[in-house]
There are 4 protein chains.
Amino acid sequence: MKSEKADNKRQFILEEAAKCFGKYGYEKTILDDIGKAANMNKATLYYYFKNKEEIFMAVVLAESERFIADLQAKVKDVGNFDQKIVSYFSERLHYYKKVVNLHQLSVAQLRYIQPLFDELYQKVQQTEIAFIAQLLTEAQQKNLLRSQESLPKVAETMLLVANALKHEGVLQAKELYAHEIDYSVIDQQTNYVILLILKGLQQ
Amino acid sequence: MKSEKADNKRQFILEEAAKCFGKYGYEKTILDDIGKAANMNKATLYYYFKNKEEIFMAVVLAESERFIADLQAKVKDVGNFDQKIVSYFSERLHYYKKVVNLHQLSVAQLRYIQPLFDELYQKVQQTEIAFIAQLLTEAQQKNLLRSQESLPKVAETMLLVANALKHEGVLQAKELYAHEIDYSVIDQQTNYVILLILKGLQQ
Amino acid sequence: MKSEKADNKRQFILEEAAKCFGKYGYEKTILDDIGKAANMNKATLYYYFKNKEEIFMAVVLAESERFIADLQAKVKDVGNFDQKIVSYFSERLHYYKKVVNLHQLSVAQLRYIQPLFDELYQKVQQTEIAFIAQLLTEAQQKNLLRSQESLPKVAETMLLVANALKHEGVLQAKELYAHEIDYSVIDQQTNYVILLILKGLQQ
Amino acid sequence: MKSEKADNKRQFILEEAAKCFGKYGYEKTILDDIGKAANMNKATLYYYFKNKEEIFMAVVLAESERFIADLQAKVKDVGNFDQKIVSYFSERLHYYKKVVNLHQLSVAQLRYIQPLFDELYQKVQQTEIAFIAQLLTEAQQKNLLRSQESLPKVAETMLLVANALKHEGVLQAKELYAHEIDYSVIDQQTNYVILLILKGLQQ
DNA sequence: GATGAATGAGGATTCATTCAT
DNA sequence: AATGAATGAATCCTCATTCAT
């Protein structure tokens, strides 16, 4: 492929950028930092990415993919079926929190970035939906679920709800310190709804 | 007092500034934000403070004083004498971590700001030394300590060591994510040394 | 007089301001410098003077008066009548040059300040005219001048011409370095015209 | 060469900047002035220079190099060997005075700028040392000097002394008007020492 | 693909000046 | 008379972004 080399370079930039963002935070990282780290003129970065924000997004996406893979591997070893699902969402929220802290994002930036963020997650979400649907299917095959529902649809709904609660929590946090968003509340709300849904499926 | 009004205004500015720094972080907060929040031209801020950094420092100092007061009240209710001292230092480190996260400071900034930070803490430290010395004195009066040492000196030394370990931890963190500084290691080291010192006093 | 105290204070401010302007130049001297030097709040300066420029002008005026007095004393001892007049104008130009350098004025500032400058000199000029007229009168009494001209008028004209030539020189200096204005050319031109006028009077 | 164009532009900026500094002085010259004079956005200046000060320094350096070249050409035609050396140092001091006046620098600025100034002159000084050493060598070849000293070393020492006396003079001038520094005293001191050294070489 | 060069949009800081008391 | 407080208008400098080559 013509683009294989380009992809490698893109990848390399992202790795260096991730280090920079981690060290200095999103704001303090200037494109010259990333350029120097990747041994190229900062203008070249614009050949591979639209702008600083896109670089950041791509960094987060890469981290996400790694994380989701980890997460799914981990969840497979968790107790029974209910717990698998619940802990999946719980860990997922925990991860979101970590990313926010990791890059020292403030609430203001979060609000601005979130839409792009979510757009980016679309891709990841396909994986997520598939994974949850898979868990549900396995449960169904063990006769744990009586539902006739489309399981992918259910999985998507669960994710939708989880995301909605997360966003809701962030948007409520107007006056609070960014990382003081009370994720534990969001966590409980999410757990509760997910369990309700699962109960519904088991009727 | 001539300066009472000015002091109130200074105080007011600090409260508004604290909100801004909390919301946006140190970097993203621009003086216009603080000015608008405090209903004044940003140039006026320079009448009350030397520069942005001084405003930030004053905010942190105010938070510190509040925190130290809280902390000391809380520690009084903690189990026995040893535990009081140990938990004092543990909580103190936890607070430092919180401040760093609270204002989304990166390692790079930390290094730069730390000296000013510490200078500022001089005042707070007098309170801290007095408090620890008091705890030690009470223990001595209960014949828990046999030492003839000057207790304020001991208190000062404990603080010195705790601070040194904290700084050491930060300076080691060159390549790590700012908030990923491993405070738990620092915490253990600090606990260990403090207990050693206490043991020495009890010989 | 009510204003005697105020006059003393004004005088004191001017002395301190002169030191400041001398040390730092017009631009670099800030009102806080003058205020501190005169032991008063900078706002108070505005009670005594309209603005920074007026302080500067007053400083220059005071220096001028001192200088003109000196000059006139000195000239009295100079050789014959012609030489007295010529050296008066020559020294006068030399003084102007000194003031300009002394306060590190640039050509740009000079252009701006000149009108105010000249307005200020009006007062001084009365003294100057009187002095030159006196020299002329003495010459007339010794029958050195046959003219029927009004001698004050002649004196005034001489000053007018001298000033005009000086201004002309400054305005020509657009592209030159401020203090590189070629005063020697102006000096020669002035001498020449003054001598012509004197010749005319002696016909 | 890759940088030839850039060097030309740098040069062009310096020429325009020199005009501005000459017209308005260091303080009054704003970067917009230089930018406009050089037909570019002021931000572009930062592509070629680190800051305003560096531009100024570069202007002075360029002037210095031109001057030193002139000076050396001129000195070659001066009478005998002793006179060549003495007049070199005398002219050199005269030049320093001119630069200071030329840019309307106040004593305060001089103190601040001097270190950078001297750092910049390091380069020029190599040329100066070589030139003086050459004069000494020629004298030696004519058997005017009996010394076995390293002549470059002697040349360097002479420059060192001349600079030290110059600095001493500036630093003494605390309360004086900047351009009223009494260079004639410095000149005499320098001459005296240089002649002493030359005498020593002729023993 | 890559980069040297250019720039507009800010952001911190300074300072002459004003005004209420 | 005096001043604490306030501010608008600069001014230096930074940085993401663009563009011609």
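Keep in mind that this is a model prediction, so the values were computed, not measured. All chains are named by letter (A, B, ...) in the order of the sequence lines, taking the proteins before the strands, and each is independently numbered beginning at 1.
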Could you state the atom-to-atom distance from [atom1] of [X] to [atom2] of [N] in whole Å?
X	N	atom1	atom2	answer
Arg10(B)	dA6(F)	CZ	C1'	17 Å
Tyr24(D)	dA10(F)	OH	P	16 Å
Ile34(A)	dC15(F)	CD1	P	13 Å
Tyr48(A)	dG1(E)	OH	C1'	6 Å
Leu45(D)	dC12(F)	CG	P	10 Å
Asn8(B)	dG4(F)	CG	C1'	15 Å
Asp33(A)	dC15(F)	CG	P	8 Å
Met40(D)	dG8(E)	CE	P	13 Å

- Task: Given side chain to side chain contact (heavy atoms under 4.5 Å, CB included), test Tyr24(A) with Ile30(A) step by step and report yes or no.
- Result: CA-CA 9 Å; Tyr24(A) 309 125; Ile30(A) 68 180; over 6 Å; no
- What is the nucleic acid contact for Phe49(C), judged by heavy atoms within less than 4.0 Å: base, sugar-phosphate only, or nothing?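 If one applies the 4.0 Å heavy-atom cut-off, Phe49(C) turns out to touch nothing in the nucleic acid.
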Does [X] have a side-chain nitrogen or oxygen under 4.0 Å from the phosphate oxygens OP1 or OP2 of [N]?
X	N	result
Thr44(D)	dA5(E)	no
Lys9(C)	dA2(F)	yes
Tyr47(C)	dA1(F)	yes

- Task: Determine the stems involving DNA chain E; a stem requires 3 or more consecutive pairs of the Watson-Crick or G-U wobble kind, each with both distances below 3.5 Å, and the answer is none if no such run exists.
- Result: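 Only these stems qualify: E:2-21 with F:2-21.
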- Item | 4.5 Å side-chain heavy-atom contact, Lys9(B) and Met40(B) |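 They are in side-chain contact.
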- Message: Can you confirm whether Leu14(D) sits close enough to Phe49(D) that some side-chain heavy atom of one is under 4.5 Å from a side-chain heavy atom of the other?
- Response: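 Leu14(D) vs Phe49(D): side chains touch.
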- Task: Please name the pair of heavy atoms, one in Glu54(D) and one in Tyr48(D), separated by the smallest distance, quoted to 0.1 Å.
- Result: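 Glu54(D) and Tyr48(D) have their closest heavy atoms at OE2-O, 4.3 Å.
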- Indicate the atoms forming the closest heavy-atom contact of Lys42(A) with Leu31(A), along with that distance.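 Closest approach of Lys42(A) to Leu31(A), heavy atoms only: CB-O, 3.9 Å.
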- Message: Parallel, tilted or perpendicular, judged at 30° and 60°: which one describes the rings of Phe21(A) and Phe56(A)?
- Response: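 Because their plane-to-plane angle is over 60°, the rings of Phe21(A) and Phe56(A) count as perpendicular.
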- CD on Glu15(C) to NZ on Lys19(C), rounded to 0.5 Å: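 If I round to the nearest 0.5 Å, the distance is 7.0 Å.
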- Query: If you measure from CD1 on Ile55(A) to CG on Leu45(A), what distance do you get to the nearest 0.5 Å?
  - Reply: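 Ile55(A) CD1 to Leu45(A) CG: 5.0 Å, rounded to 0.5 Å.
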- Item | Sequence-aligned protein contact record of nucleotides 16-21 of chain F, with B where the base is within under 4.0 Å of a protein heavy atom and S where only the sugar-phosphate is | SBBB--
- When you measure from the side chain of Asn41(C), which nucleotide among dT3(E), dT3(F), dT7(E) comes out closest?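 In terms of side-chain proximity for Asn41(C), the closest of dT3(E), dT3(F), dT7(E) is dT3(F).
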- Message: Checking Lys52(D) now: which residues fulfil salt bridge (charged side-chain N to carboxylate O under 4.0 Å, His left out) with it, not counting sequence neighbours?
- Response: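 So Lys52(D) forms no salt bridge (charged side-chain N to carboxylate O under 4.0 Å, His left out) with any residue.
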